[in-house]
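Below you'll find the structure, written out as structure tokens, and then a few comments.
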Amino acid sequence: MPELPEVHNFKLYFDAAATGQTISGVTVHDDHILRNLPGPAFADALTGRTIVGSLRRGKYLFAHLDNDHSLLLHFGMTGDLKLYQETADRNKFERFALHFADGNTLGFDDPRKFARILYLQDHVAYIQEIKLGPDALDLTLEDWLDAVKGRKATIKGLLLNQSILAGVGNLYADEICYRTRIHPAAHACDLSDDQLTDIHTETVAVMKYGTENAPYYKDYPEDWFWHVWREEGKAGPEGIGEVKVTKVAGRTTYFVEGWQH
DNA sequence: TGTGATGTTGAATG
DNA sequence: GCATTCAACATCAC
């Protein structure tokens, strides 16, 4: 579930669970998601370190350590965090866990193993290296227009492009297109400045709403998002059009044909 | 049993 | 070189 608002929620959880904690040990069950260090080296690098804070940018969460290095947590499709004390409470799909000096354990769960966990000496350099764009909440209208005006790509594809803006994923991209009544497969170069401005406005609004009010995607109001119209064939708002499912930018896409143009 | 899933990447293509 | 698309990744749940 992790798009920007969900990762924001992970940050809140992580901060409460881990900030100020000293790592007394690390258990690695499966090092597939550890992308730049093998399990034992990963454990060595973290053991003895204290977590001093965190930074979220888009879907990336950087945990800062007391040696100025960082632990990157990217949750992939199915990453999750769980703080517990008893081993019996460990999640079935925990891939590694940080044990804290106070007796708690923070487990990183990931059934599908698409998460990416990296030990970074310099998180700023890493952000540059992967060309991660500004957080969607901080994206200025100017930067957005500069990045997308005249582009031939679909608007949904651009919304999902993390080097333009960081944090929008498949579900929210559909929501943003729906709200602006723009067809997700519309080419950016065919959209007016007003339409592109609308996209920017709604992107920021949706992300802001998500981070401020709805920590978990199922908790959004019932008249929002997937709750209402993520169902093929359903009549659109005001009885206009009907929901279609297609592929845009390689992702399953829901939109209301006849409502979005 | 087959299918699809909230993400990213790197190869292939235009 | 740049922009874009798409298969691949690994596993589970329906």
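Naming: A, B, ... by sequence-line order, numbering from 1 per chain.
Considering only side-chain atoms of A/Ala153, the nucleotide from C/dC12, B/dA5, C/dT4 that sits closest is C/dT4. Residue A/His32 has its side chain nearest to C/dC9 when only C/dC9, C/dT4, B/dT9 are considered.
Around the CG atom of A/Asp190, the shell of radius 6.0 Å holds more than 12 heavy atoms that belong to other residues, nucleotides or ligands.
Atom CG in A/Asp110 sits roughly 13 Å away from atom P in C/dA13 (whole-Å rounding). A/Lys113 has its NZ atom 22 Å from the P atom of B/dA5, to the nearest Å. The interatomic distance linking A/Ile117 (CD1) with C/dC9 (P) rounds to 21 Å, in whole Å. Atom CE in A/Met77 sits roughly 13 Å away from atom C1' in C/dA13 (whole-Å rounding). Atom CG of A/Asp30 is separated from atom C1' of C/dC12 by 15 Å (rounded to the nearest Å). If you measure from atom CG of A/Asn161 to atom C1' of B/dG7, you get 13 Å, rounded to the nearest angstrom. Atom P of nucleotide B/dT8 and atom CD of A/Gln162 are separated by 5 Å, given to the nearest angstrom.
Residue A/Gly169 is in sugar-phosphate contact alone, with no base atom involved, counting any heavy-atom pair closer than 4.0 Å across all strands shown. Nucleic acid contact class of A/Arg251 (heavy atoms, under 4.0 Å, all strands): base. Among the protein residues, A/Phe93 comes within range of the sugar-phosphate backbone only, with heavy atoms under 4.0 Å from sugar or phosphate atoms but none that close to a base.
The minimum heavy-atom distance between A/Pro134 and A/Leu139, with the atom names listed, is CG-CD1, 3.8 Å.
Between A/Arg35 and B/dT8, a side-chain N or O to OP1/OP2 separation shorter than 4.0 Å is absent.
Residues A/His183 and A/Ile155 are not in side-chain contact: their nearest non-hydrogen atoms beyond the backbone lie 4.5 Å or more apart. Contact check for A/Phe100 versus A/Ile23: side-chain heavy atoms found under the 4.5 Å cut-off.
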